[in-house]
Amino acid sequence: MGKILSIIEKHSGGKCFYCDRCSLDHLVFQEYQDNNEEFKGERIFETENKQGKNITLEKRKVGYSLFKYFLDGARRTYKIVDFATPDNKFLPIVAGQIATAVCIRENKKLKNHKINKKNILALPDRLGDEFDTIQSELTSLKYHNLTIDKIVKYRYQPNPDRPFENLAIAKIQLEMLNMEINLISEMVHSEMLKTDQMLIIDGSLQFSSIKEENEYIMRDVIGISKTFNPHLQGILKTKSKEIGHHLLNLKFGERTPVYVYETKKEKANKYLKIGAWYLRIREQKYSPNPLSGIIKVERIATTQKEKEDGFSTDMIDEISSAILLERNVTCFGNDERWANHIYPIYLTEQFLKSSFVSDQYFLNIF
Amino acid sequence: MNEIGKISASEKFPTTVDQFYFWLKDGVIVRPFDIVKIEKHYNGSITYGIIEDLVHITDGTGPIGSYVSSDFGDVISEPQTLRLGLTYAKCKVMANCSKGGEEQIYMPLQDGQVVYFCSEDEVIEALGLDNIENPIPAGFIEMSNNISVPINFNRDFVIGPEGAHLNISGISGLATKTSYAMFLLQALQQKEDDLSIIVLNVKGADLLRLDEPNPILSETQKDDYSKAGIQCKPFDNVKYFYPYCKNKERNYSNTYLNKNSLKQQHDNNQALNYIYTYENNYEQIDLLFSNIDDPSMTMFSIMSLISESDEFKGLTWDSFLELLDENTKKGKNTNSEITVQSWRKFKRLVRTSITNNIFQESLGSKEKRQVILKDEIKKINKNEVYTIDISKMDEQLQCFVFGDIVKAVYELKLGETDRNDIENIPKRVVIFVDELNKYASSAAPKSSPILNNILEITERGRSMGIILFSAEQFKSAVHERVKGNCSTHAYGRTNAIEISKPDYRFIPNVFTNMMTRLGKGDLIIEHPIFRSLLKIKFPFPSYHQNNED
């Protein structure tokens with residue numbers, strides 16, 4: 001038994017059992033990020049286009065981009081052992097490598113701006129008072145040049161609706177999101193982000209841990225999701241109509257109106273207002289399936305005016321046109337999600353993935 | 001520092017004892033034949049490499065990906081982000097040098113080592129030129145970091161004793177073969193005291209004003225000579241030999257050279273007109289058959305008879321033709337082994353040539369300035385340059401004259417001369433001939449006397465001090481043994497068909513492909529002491545090339 005697991009056993013009184021150590025990223029079903037979004041379908045969240053029609057954008061071939069920074073986070077998670085807790089539970093211990101990176105584009109070339117990495121261990125919350133001791137000992141260890149940077153607890157629930165591994169991964173994911181927020185915060189405080197030097201985040205803007213006084217940092221940030229739940233209802237005026245059905249009619253260079261949903265912030269009785277719209281960036285005739293080429297774009301309302309009236313339609317059109325301009329070049333041939341991917345995010349992703357240590361190397365520290 | 005990239009060693013592209021790859025820093029411009037260095041190799045040594053190929057790759061998977069990335073075929077669309085790409089260079093290891101002069105290290109270069117441009121001194125060290133004995137300027141190599149490094153041959157591998165003979169190939173008008181040969185000959189004349197040069201002028205008046213300076217040389221072009229370590233001047237001690245003709249207006253010289261220059265040469269006693277008399281040259285008639293196929297050796301038999309039989313001694317060209325005429329008649333043939341048909345063929349071939357003005361019965365008046373060429377050749381002194389004009393002759397006669405020259409030089413070096421001033425006989429005679437394929441063709445009959453003479457020179461001439469500098473359009477058209485014995489080769493611009501021939505199979509593809517793109521004045525040279533093929537430039541000719549007054 002490796003030193004890390006010995007420490008856990010010693011202080012918790014539980015027992016670790018070796019299992020088929022594997023990467024969880026391929027085995028555990030990846031849920032849609034927007035599964036829990038509850039839209040206020042009756043409301044169009046933009047200053048004009050109150051009738052909620054799809055808008056045709058100018059399909060520019062050359063032009064100036066609004067985006068200079070591209071952020072992505074990635075994780076690799078592994079099931080380490082099955083753990084028999086002192087109170088007779090049988091739960092997994094999950095570890096993960098997380099990394100977030102921002103790449104900067106200058107003269108049409110992408111370069112690394114900053115990368116942060118951490119190794120996380122997710123333990124069940126059945127260790128009693130010894131958790132702090134375990135955390136203190138483990139985070140001071142260095143094993144094969146690697147350290148465990150943080151220990152997180154995932155909450156045990158009897159008969160959960162999803163595997164315990166997913167609960168552990170969600171905690172690790174949260175750490176990654178926090179790293180993203182910290183990165184963005186650093187950039188804002190360094191005055192790097194501007195209205196014509198915006199940041200694109202890969203994925204949904206699920207930053208429920210942002211404090212209200214810090215919402216402004218998201219002013220020049222948008223999130224682009226390559227995948228989204230096509231079965232979401234309540235977005236449109238016809239509440240039972242799924243969004244996927246509506247998007248079948250979205251043409252190349254068109255966007256939907258801006259819809260709004262709220263997310264409850266952690267430890268607060270307040271809500272983030274997030275405007276989301278869908279944009280088709282590829283011709284339908286060349287797309288492998290009906291919804292390929294459609295991306296979901298999100299922006300957080302950061303001012304009182306935006307929270308009340310919605311986003312300026314002109315601003316949304318400008319941002320959407322700029323995103324449309326990012327459709328070339330593609331990662332066709334390298335990534336099967338090419339139709340929904342924009343190239344600078346793809347490169348940032350590649351850069352991130354190359355920064356991880358190999359699975360074998362990581363697993364050998366346990 | 002001049003860092004230009006980093007070594008990349010991977011599973012698909014490993015570094016080896018002989019080669020390595022490095023990716024180039026953005027914005028750096030290099031080209032094939034640039035020499036680079038990698039410092040801090042094992043034991044602090046420096047490894048030098050020469051760039052052989054440049055490749056640009058991206059993360060695109062193919063033309064379809066590129067098509068898709070341009071809005072499915074829109075040529076005007078511009079990407080906001082350039083595709084991830086890089087240019088990498090494939091290099092050949094040239095040498096590994098250590099400060100203490102220790103033995104070379106052959107370990108492959110390591111991944112991640114930084115690659116730099118070389119300085120001039122480092123280029124010289126890389127090429128192994130820092131310790132050349134008896135250097136002969138060979139031109140310059142120009143590198144992408146704007147340095148121009150003079151390159152030298154080792155004389156012992158150009159004119160012996162270690163190696164000898166030079167061959168230059170390339171398309172006419174583009175390969176600058178003659179200009180390069182003349183540059184080397186100029187360097188040899190300036191550097192060597194005991195060497196003489198014989199040049200054949202085969203085209204126009206290209207080489208008929210070697211002693212006159214080039215009036216259109218710029219100061220920069222003159223400086224190139226200083227960089228090379230020689231003076232920018234025309235040839236010294238030049239004599240011109242023209243085929244005789246009956247035109248008094250042209251000083252009895254059958255040449256393309258303009259009238260005034262010709263007159264001046266004659267007035268300065270620099271020009272003479274050569275003829276062939278029966279008495280002096282009848283045994284050389286076989287040279288007229290150099291390119292005639294003679295499988296049954298009938299022409300050879302006739303020549304043997306002519307040289308041995310008393311019947312053919314003491315004649316004139318006219319009486320010789322009459323005697324041939326008799327042998328062509330049935331019943332009059334004195335030798336039953338040679339058929340009448342053979343005699344008729346012989347006569348037909350000989351008559352075509354003998355009617356030329358250079359065949360005279362005897363030396364004429366002083367005004368005509370006639371000489372027997374082989375006798376003049378045998379009088380050549382050290383440091384002299386003889387130019388023999390054959391441009392206005394047909395191919396058969398050109399072979400005849402060339403063969404006569406080669407034979408004369410051979411006899412001179414073998415001591416078959418009545419000269420008393422042995423000390424003035426040059427230790428080495430360099431013969432430069434263009435269109436070598438005419439005289440030593442790969443399809444020449446084995447019995448060709450000229451071919452045999454040239455083979456003698458290239459195979460044994462080194463020890464005798466007879467050196468051949470030759471040039472031709474297509475190397476593949478030259479006899480294997482002739483080009484195989486040349487120690488130095490220069491390649492000018494050529495075409496794709498030529499580089500597909502076996503002569504080029506040992507040359508890396510990137511070099512042969514470059515041969516189809518070489519500019520005027522660029523050559524790729526191969527020399528025994530060079531560690532790799534090199535692309536060089538050389539100075540503009542210092543002699544008068546123009547035929548205008």
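Chain naming here is simple, since letters A, B, ... match the order of the sequence lines and numbering starts at 1 in each.
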>> Counting only heavy atoms from other residues, nucleotides and ligands, does the tally under 6.0 Å from CG of Leu248(A) exceed 12?
In response: yes
> If you count the non-hydrogen atoms of other residues, nucleotides and ligands that lie under 6.0 Å from CD1 in Ile57(B), is the total more than 12?
Replying inline: yes
For chain B against chain A, print all donor and acceptor atom pairs separated by less than 3.5 Å.
| unit_1 | atom_1 | unit_2 | atom_2 | d |
| --- | --- | --- | --- | --- |
| Asp26(B) | OD2 | Lys109(A) | NZ | 3.4 |
| Asp59(B) | O | Asn334(A) | ND2 | 2.4 |
| Asp59(B) | OD1 | Tyr343(A) | OH | 2.9 |
| Asp59(B) | OD2 | Tyr343(A) | OH | 2.7 |
| Thr61(B) | OG1 | Phe332(A) | O | 3.3 |
| Ser69(B) | OG | Thr330(A) | N | 2.8 |
| Ser69(B) | OG | Thr330(A) | OG1 | 2.8 |
| Asp71(B) | N | Asn328(A) | OD1 | 3.4 |
| Asp71(B) | OD1 | Arg327(A) | NE | 2.7 |
| Asp71(B) | OD1 | Asn328(A) | ND2 | 3.2 |
| Asp71(B) | OD2 | Arg327(A) | NE | 3.2 |
| Asp71(B) | OD2 | Arg327(A) | NH2 | 2.5 |
| Asp74(B) | OD2 | Lys61(A) | NZ | 2.5 |
| Glu78(B) | N | Lys61(A) | O | 3.0 |
| Glu78(B) | OE1 | Lys108(A) | NZ | 3.4 |
| Pro79(B) | O | Lys108(A) | NZ | 3.1 |
| Gln80(B) | N | Asn328(A) | O | 3.4 |
| Gln80(B) | NE2 | Gly63(A) | O | 3.1 |
| Thr81(B) | OG1 | Arg105(A) | NH1 | 2.6 |
| Leu82(B) | N | Lys108(A) | O | 2.8 |
| Arg83(B) | NH1 | Thr330(A) | O | 3.1 |
| Arg83(B) | NH2 | Thr330(A) | O | 2.7 |
| Leu84(B) | N | Tyr343(A) | OH | 2.7 |

>> What's the separation between atom CZ in Phe252(A) and atom CZ in Phe72(B), rounded to the nearest 0.5 Å?
In response: 8.5 Å
>> Would you say that more than 12 heavy atoms from the other residues, nucleotides or ligands in this model lie under 6.0 Å from the NZ of Lys40(B), or not?
In response: no
> Is it the side chain or the backbone of Leu325(A) that comes within 4.5 Å of chain B heavy atoms, both, or neither?
Replying inline: both
